[in-house]
Amino acid sequence: MKSAIQLLIGASILSLTALLSGCSQEPEGIEPADPAWTSAANVQQQFEDGSLTSVALVEHYLEEIERNNHQGHDIRAIIEVNPKALEIAAELDRERELGVIRGPLHGMPVVLKANIATADDMATTAGASVMAGFITAEDAFHVQQLRNAGAVILGKANLSEWANFRGANSISGWSGIGGQTRNPHVLTHNPCGSSAGSGAAVAADFSLLAVGTETDGSIMCPASVNGVVGVKPTRSSVSGHGIIPIAAAQDIAGPMARHVYDTALLLDAMATPEAKTRFGTSLASAAQSEFQGETIVLVRAYDERFTGVQEMTDRVADAIREQGINVIEVMEWNLPNQLYADELEVLVYEFQRDLNNWLADFDAPAADMQAVIDYNLANEDTELALFGQEYFEQAIAIDLDTDSESYQNALANSRQLAEQHLNRYLVDLGASAIVMPSYGPAWPTPPLEGPGYSFGTSTAAAVSGYPSITLPAGAEGPLPLGLSIVGMPWSEAQLFSLASLLEAEVGGFKQPAFLSSLEEN
């Protein structure tokens, strides 16, 4: 029996035979490019010289998804593929042959997290069974921007259900619709949430580019533990319209890819018009420019936690100093406990407000948060078998009017505490950026036994709204380690130039080994 994806590929190719006959072909005498594990920079050059077409690139990713998403390595990063992906790619190839280039992303495939609305044949579900099959009537604003820029929306990626804000003991990378996403480096280990599928998809070569969403760590963690690049941009730099929310105060979409330049290219296309003005330059150009900063703060608070972390920060310190840049080493990274308490109060309050509004505005099959709770209780043997829905229950218990003053105080205080913590280095010490380990290595996915989640450093940037980039820069055995770069609001251009420097000197994407366990290493 052929799978649905095999049938899709076959039917799509047959239906496009006439369209592709005489067009979208590699010119005579040009050797076709190998699209495996490619980069956006390579793709741009190969599109230009005719050695690669968008159709050939999309075919490659559909074949990889077919081979290893639900069979082979069984990564489960993709919930569904776009049945019109090849048709869209063929049209973009035809435009290119006619000299119509929509932008630098023209013809490049992008996978979207399944909490991002698309007005096409793919469902927008947040991974929740209660939302299964839900087709939205409109695109998220940044999705429409990507289409206008010539991107091929390749598919929807799995995620931690409801963006990892359903139950207090949730399992990262699991959703009722998509099942459990696996880490391509060591298949028994966790891909982290909530943009688990987006991170695993680009790490496993299921797509050139992906979009995740972050509230606190949901891009930074899966990018880090899957060994790819992830960007959490400045607050409001990407429109939140169309994203199934946790909380408007912190939610934002951001790019994920195997290389720094690729994420810059994607963020250029996703950013709002105001953000592009405030960035002051093309971020893709900035990623290819020399870093101009004079001082970097390097956080070494986690050196003793893992050998790989210390080795990574040693190499980073040496590499930065070799560039003539001053390095200030910091031995602690302790955020106030009140920040975490206030952040949680904000997220729970806004979760009820924002999710209820989204479900109503988009005419979703679950009318409101209470409907989701009731559905899960009615189907608890499947929906609640692994963990509960405590965050939903806490959120529904809030009175938005009565609790408004407490919420407003928590919002103001959490932001103030986060900004004070970061400004201690970025303002008081005049640092161009803070550089630190992103997260500890991936841990065994339950019910496997072993060390669990260890540490993460995303909260200060998430709550303050400051931009952050994580890139692969080390390893703990076969498990990748990410390095985070945090800067002042709207400093993305400077952060990308520093990220490219560090990518070249100390890190960079390494193909996963798809180990069946740590013991196989």
Side-chain angles (χ1 to χ4, degrees), residues 4-28 30 32-33 35 38-66 78 80-112 116-124 135-157 201 206-211 242 255 257 262 265-266 268-270:
I5 293 177
Q6 284 175 317
L7 292 172
L8 164 66
I9 295 171
S12 298
I13 291 175
L14 287 172
S15 67
L16 290 174
T17 299
L19 175 63
L20 299 179
S21 178
C23 77
S24 299
Q25 305 287 331
E26 291 86 2
E28 291 185 15
I30 295 181
T38 193
S39 68
N42 285 340
V43 167
Q44 285 178 315
Q45 180 60 47
Q46 290 158 356
F47 279 170
E48 186 175 337
D49 66 25
S51 61
L52 183 67
T53 64
S54 183
V55 164
L57 190 58
V58 168
E59 284 176 341
H60 165 74
Y61 292 126
L62 290 175
E63 289 165 1
E64 289 302 310
I65 292 168
E66 169 60 25
I78 304 296
E80 62 181 319
V81 296
N82 186 350
K84 294 183 179 177
L86 283 168
E87 180 181 336
I88 294 167
E91 175 59 29
L92 291 166
D93 282 338
R94 184 166 58 184
E95 288 182 10
R96 182 178 295 277
E97 291 185 354
L98 295 173
V100 178
I101 308 296
R102 301 189 190 186
L105 279 185
H106 190 105
M108 295 190 187
V110 181
V111 162
L112 305 176
I116 297 171
T118 55
D120 52 27
D121 296 324
M122 293 183 292
T124 302
I135 305 296
T136 60
E138 59 181 310
D139 281 334
F141 184 78
H142 76 267
V143 173
Q144 189 58 57
Q145 290 176 287
L146 292 175
R147 294 193 201 275
N148 293 342
V152 179
I153 307 303
L154 180 66
K156 291 287 185 79
F206 290 173
S207 181
L208 181 68
L209 307 167
V211 177
D262 301 23
L265 197 70
L266 187 52
D268 272 334
M270 295 168 58

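Just so we're clear, the structure is a prediction, and the values are computed from it rather than from any experiment.
- Side-chain atoms of D93 come within 3.5 Å of backbone N or O of S54 as a donor-acceptor pair.
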query = Can you check side-chain contact (heavy atoms from CB on, under 4.5 Å) on T124 and I116, steps first, answer last?
reply = CA-CA 6 Å; T124 302; I116 297 171; 5.9 Å; no
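- The shortest heavy-atom contact between I78 and A201 is CD1-CB, 4.0 Å.
- Of all heavy-atom pairs between A269 and Q145, the closest is O-CB, 3.4 Å.
- Side-chain contact between L146 and L112 is present, with heavy atoms from C-beta onward closer than 4.5 Å.
- Remark: side-chain polar atoms of R96 are paired, donor with acceptor, to backbone N or O of H106 under 3.5 angstrom.
- What you find for I153 and N82 is that their closest heavy atoms are O-ND2, 2.8 Å.
- Atom CE of M108 and atom CG of L154 lie 14.0 Å apart (nearest 0.5 Å).
- Distance alone, capped at 3.5 Å, places no donor-acceptor pair between the R102 side chain and the A151 backbone.
- Looking only at side-chain heavy atoms (C-beta outward), I88 and V58 stay at 4.5 Å or farther from each other.
- The minimum heavy-atom distance linking L208 with S39 is given by the pair CD1-C, 3.8 Å.
- In this structure, the separation between CD on Q45 and OG on S51 is 7.5 Å, given to the nearest 0.5 Å.
- Distance check: F206 CZ to E63 CD gives 12.5 Å after rounding to the nearest 0.5 Å.
- Residues K84 and D120 form no side-chain contact, since every pair of their non-hydrogen atoms from C-beta on lies 4.5 Å or further apart.
- Of the inter-residue distances, the one linking R147 atom CZ with L92 atom CG reads 11.0 Å to the nearest 0.5 angstrom.
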task = Applying salt bridge (Lys or Arg N to Asp or Glu O under 4.0 Å), run through E97 and R94 and close with a yes or a no.
result = CA-CA 5 Å; E97 291 185 354; R94 184 166 58 184; over 6 Å; no
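- Taking both residues in full, the closest heavy atoms of D121 and E80 are given as O-OE1, 4.1 Å, listed atom of the first, atom of the second, then distance.
- Of all non-hydrogen atoms in L105 and L265, the two that sit nearest each other are CD2-CD2, 3.9 Å.
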message = side-chain contact (heavy atoms from CB on, under 4.5 Å), that's the test. Do E48 and I101 meet it? Break it down for me.
response = CA-CA 11 Å; E48 186 175 337; I101 308 296; over 6 Å; no
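- The side-chain contact (heavy atoms from CB on, under 4.5 Å) test with P255 singles out one residue from L209, V110, L266, and that residue is L266.
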inquiry  = side-chain contact (heavy atoms from CB on, under 4.5 Å) for L57 and F47? Distances and angles first, verdict last.
reply    = CA-CA 10 Å; L57 190 58; F47 279 170; 4.1 Å; yes
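- Atom-to-atom distance recorded for H142:NE2 and N148:CG is 12.5 Å, nearest 0.5 angstrom.
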